[in-house]
Amino acid sequence: MRTAPIRQPSTERTPGPTPPDGPARPTPLASLSQVPWDRIQDSTGSAAAIPLLLDRIARGEPDTAHAALDELRKRICQYGFVVEQATAATVPFLWELAQLPQVSCRARIIRLLKDIAAARQWENTAAVYPKLLSHRENHVVWERAARQAVRARRGDLRRLLSEKDAEVTRATAELARTLGE
């Protein structure tokens, strides 16, 4: 009686999966965990909820994304001109989201960046009441850091100005004017 040959495991290496064409695309918001959100403040207290809001903006359906952006705005740029400690840490993620075509509220994100770049509430108040500068929580420093965080990524303006979405290009042009570009 004949038996079937026993297959021996191969010792040859087989090539792994073929990578997709083009450069690898990073996962949106991949570096969120590098920010100590639980140790910085937004307008509600701890900024620990900001990563969830950013994720909802990135991955949510339009209604979910818009609601998350409204909540985020209240936490980092209340009333459109009052920034918080967490604002500067949030800005790079806003720039990232503004450039992702799948994000439904990109123009609104760009307008939020414009508001942050224009914020001078605490600085103007400190000019009249210099004692503000000696408080443990120095809002003027937070405001300046937030404005600088927006300016640091102004090189992204050119790409956003070339977008096909007219609302995105309009909002980007407003941001560029605010930044003096």
Side-chain angles (χ1 to χ4, degrees), residues 19-35 37 40 42-44 47-124 142-181:
D21 292 337
R25 297 184 80 170
T27 304
L29 308 174
S31 58
L32 270 176
S33 63
Q34 295 175 5
V35 177
W37 298 106
I40 59 177
D42 65 17
S43 68
T44 66
I50 288 179
L52 178 61
L53 293 170
L54 289 167
D55 190 62
R56 285 182 180 161
I57 295 166
R59 295 171 185 21
E61 295 296 320
D63 289 344
T64 301
H66 287 265
L69 183 59
D70 289 343
E71 179 63 24
L72 181 66
R73 176 182 277 280
K74 288 177 198 169
R75 289 171 173 265
I76 65 165
C77 191
Q78 199 168 25
Y79 312 116
F81 58 85
V82 180
V83 302
E84 300 293 335
Q85 183 183 26
T87 306
T90 308
V91 164
F93 301 106
L94 294 173
W95 274 109
E96 182 180 347
L97 291 172
Q99 296 179 67
L100 296 175
Q102 70 270 24
V103 173
S104 61
C105 50
R106 295 183 324 142
R108 291 182 63 209
I109 292 168
I110 296 166
R111 287 189 191 99
L112 174 55
L113 288 167
K114 178 188 131 334
D115 290 346
I116 293 167
R120 284 182 170 62
Q121 171 70 19
W122 294 111
E123 195 171 68
N124 292 340
W142 297 347
E143 193 174 72
R144 288 177 182 159
R147 284 197 316 262
Q148 180 54 38
V150 175
R151 292 192 71 74
R153 296 281 299 268
R154 67 185 177 270
D156 294 336
L157 290 170
R158 182 170 291 138
R159 181 177 178 276
L160 288 167
L161 284 168
S162 67
E163 289 275 339
K164 291 179 181 166
D165 184 328
E167 190 178 3
V168 168
T169 56
R170 255 192 316 277
T172 303
E174 292 171 16
L175 174 56
R177 279 192 297 279
T178 299
L179 295 174
E181 298 290 320

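Numbering starts at 1 and runs along the sequence shown.
- The side-chain heavy atoms of Leu32 and Ile50, taken from C-beta on, include no pair separated by under 4.5 Å.
- Side-chain contact check for Val91 versus Ile76: every heavy-atom pair is 4.5 Å or farther apart.
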* Pair Arg153-Glu96, salt bridge (Lys or Arg N to Asp or Glu O under 4.0 Å): steps then yes or no -> CA-CA 10 Å; Arg153 296 281 299 268; Glu96 182 180 347; over 6 Å; no
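- You'll find the side chain of Gln78 stays beyond 4.5 Å of the side chain of Arg73, heavy atoms only.
- One finds the OG1 atom of Thr178 at 4.5 Å from the NZ atom of Lys114 (value rounded to the nearest 0.5 Å).
- Side-chain atoms of Ser43 come within 3.5 Å of backbone atoms of Lys74 as a donor-acceptor pair (strictly under, hydrogens ignored).
- Between Ala107 and Ala171, the closest heavy-atom pair is O-CB, 3.7 Å.
- The heavy-atom pair separating Asp115 from Gly80 by the smallest distance is CB-O, 3.4 Å.
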* To do: Begin from the C-alpha positions of Leu94 and Ile116 and carry the test side chain to side chain contact (heavy atoms under 4.5 Å, CB included) through to its verdict.
  => CA-CA 11 Å; Leu94 294 173; Ile116 293 167; 4.1 Å; yes
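- Shown here is Arg151, whose CZ atom has more than 12 heavy atoms of other residues, nucleotides or ligands within 6.0 Å.
- A salt bridge links Arg111 with Glu167; the closest basic N to acidic carboxylate O contact falls under 4.0 Å.
- Between Trp95 and Leu160, some side-chain heavy-atom pair lies under the 4.5 Å cut-off.
- Once rounded to the nearest 0.5 Å, the distance linking CD1 of Ile57 with CG of Leu29 reads 8.5 Å.
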* To do: Check step by step if side-chain hydrogen bond (donor to acceptor under 3.5 Å, both in side chains) holds for Thr44 and Arg75.
  => CA-CA 6 Å; Thr44 66; Arg75 289 171 173 265; 2.9 Å; yes
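- For the atom pair Leu72 CG and Leu112 CG, the distance stands at 6.5 Å (nearest 0.5 Å).
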* To do: Kindly determine whether Arg106 and Val103 satisfy side chain to side chain contact (heavy atoms under 4.5 Å, CB included), including the steps that lead there.
  => CA-CA 6 Å; Arg106 295 183 324 142; Val103 173; 3.8 Å; yes
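- Arg56 and Thr64 share no donor-acceptor pair across their side chains, judged by distance under 3.5 Å alone.
- Distance check, rounded to the nearest 0.5 Å: CZ of Arg159 to OG1 of Thr172 gives 10.5 Å.
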* To do: Using the side chain to side chain contact (heavy atoms under 4.5 Å, CB included) rule, take Phe93 and Val35 through it: C-alpha gap first, then chi angles, then the decisive distance, then the call.
  => CA-CA 11 Å; Phe93 301 106; Val35 177; 4.0 Å; yes
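- Between Ile40 and Trp142 there is no side-chain heavy-atom pair separated by less than 4.5 Å.
- Side-chain contact between Arg170 and Ile110 is absent, with no heavy atoms from C-beta onward closer than 4.5 Å.
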* In sequence, state the C-alpha distance, the side-chain angles, and the governing distance for Asp42 and Gln85, and then conclude on side-chain hydrogen bond (donor to acceptor under 3.5 Å, both in side chains). => CA-CA 6 Å; Asp42 65 17; Gln85 183 183 26; over 6 Å; no
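- Nearest heavy-atom pair, Ala86 versus Trp37, reported as atom, atom and distance to 0.1 Å: O-CZ3, 4.3 Å.
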* Between Leu97 and Leu69, does a side chain to side chain contact (heavy atoms under 4.5 Å, CB included) hold up when you go through it step by step? -> CA-CA 11 Å; Leu97 291 172; Leu69 183 59; over 6 Å; no
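- Proximity of Glu143 to Val83: side-chain heavy atoms (C-beta onward) are separated by under 4.5 Å at one or more points.
- Taking 4.5 Å as the limit, every side-chain heavy atom of Val150 sits out of range of all side-chain heavy atoms of Arg147.
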